[in-house]
Amino acid sequence: MDTSYMDPFIETLGREALTQIQLKKLQMMLGPVLDTNSFYKKKLHTAGLAHPREIRSLDDLRKLPFTTKQELSGDQATHPRYGSNLTFPRERYTRIHQTSGTTGDPLSCLDTDESWNWWARCWATVYEAAGVTPRDRIFFAFSFGPFIGFWAAYQGAQHIGALGIPGGGMSSYQRAKAILDHNVSVLVCTPTYALHLAEVAEQERIDIKGSNVNITIQAGEPGASLPATKDRIETAWNARCYDHAGATEVGAWGYECQAQAGVHLNEGEFICEIIDPATGEPADDGELVMTNLGRVGMPVIRYKTGDRAKLQREPCECGRSFARLSGGVVGRIDDALIVRGVNVFPSSIENIVRRFHEVGEFAVDVYRRKSLDEMELRIEINEADPAEVASKVGREIRNALGLRAKVEPVPAGTLPRFDLKAKRFTDHRQDDDTKPSS
Ligand SMILES: [Zn+2]
């Protein structure tokens, strides 16, 4: 197997030595943070931490309190405009981005020159692991707004010396044309958009399958680690599809290597924990908690990401010692829907629907009717016999989840498309007690 590393020393280091490096970096960060960052100074002093040297092990770190998104947004509301999680004077910061606001008010995140370089290095790790080289031409099929993800990816492309081509302000048709025109070899976008762009190209008879694209990197939302979605993207683009995971508040923390066997945690730049969300105790399957080590100006310490993941510590075929998440981020901690007593994760539905190549976009709605939960799927189908496909999808869902769902075919192109953070699941049970007549 081809293996390329961003930093072969760190990425293959034994667990004990790696932990020592993480602790060293954490202590170095805590120095200025305990000194001048009023948010963490107060929080950590209250928790009894006065000096970085008091953190001698990961167990000591685990004694510190978690940080939540609500806390950070609350802090920005009380200390307008950027909150008090700032280690340096305002003039040291050179970049501002914000979270997508899918889970509450958008949070503003500031970077200094140093931490922006750190972002670029983290993204360089993502590229190197996927086998992207300075010879590559990377296309970013994304509108460059205040969201951080693709800006950092763009900076990372420069860091490894590849040619970055921004695809902001373009229609999907123009993007597909540009990919051929510039001989693009790497596509970076969300998994949803990779499929949508392939669909548009096919309609417009633009041969993206025959293009030079041989690597796609999927960012901005989970999905590319789901076997059925990955397979679909790889077939549509005739390329290898790599999942990437990160967050505006945290950094670009996860990447897939060429073994494509789970998402590696970049443990050289982050301390990653998985906890039981109910008890806060360490777990192998639960909520991902992150401490970033290179964003001194606006750090997060033991930040509850809300991402659900399963830790895998066995060594990877690629030779990296960094732990992996099996199946990447498998969802949000709070996004399991309980339908008639069955726990339904959006990712399980997606993995079933994507196996049907006749099906394009899809949407799931859950209603309550006469005190009974009802799950309804709308699926876009182009086939001559949509009812047949719909009943097959319904059967698969019943077999896999033990749950009856109404599956309704709708014409192709009628469901919403998403540029970032697809929202295909709607729970109407809180709205009212009736289902609109269909
Ligand atoms: Zn690996």
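These numbers come from the heavy atoms of this one structure, side chains and all, not from hydrogens, waters or symmetry mates. Count residues from 1 along the sequence. One-based numbering, in listed order, for ligands and for the atoms of each.
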**Student:** Quick check with a 6.0 Å cut-off and a 45 degree axis cone: is Arg320 positioned over the face of Tyr255's six-membered ring?
**Tutor:** no
**Student:** Compute whether any side-chain donor of one residue and acceptor of the other, for Asp75 and Ser84, lie under 3.5 angstrom apart.
**Tutor:** yes
**Student:** Taking 2.8 Å as the upper limit, name the protein N, O or S atoms near the Zn ion (ligand 1).
**Tutor:** Cys257 SG, His264 NE2, Cys316 SG, Cys318 SG
**Student:** So which heavy atom on Ala176 is nearest to which on Leu197, and how close?
**Tutor:** N-CD1, 4.1 Å
**Student:** ring-ring contact (aromatic ring centres under 6.0 Å, His included): which pairs involve residues 155-195, sequence neighbours left out?
**Tutor:** Tyr193-His196
**Student:** Thr192 and side chain to side chain donor-acceptor pair (under 3.5 Å): which partner among Arg417, Gln218, Arg424, Glu361?
**Tutor:** Arg424
**Student:** For the residue pair Thr229 / Glu350, report whether a side-chain donor-acceptor contact shorter than 3.5 Å exists.
**Tutor:** yes
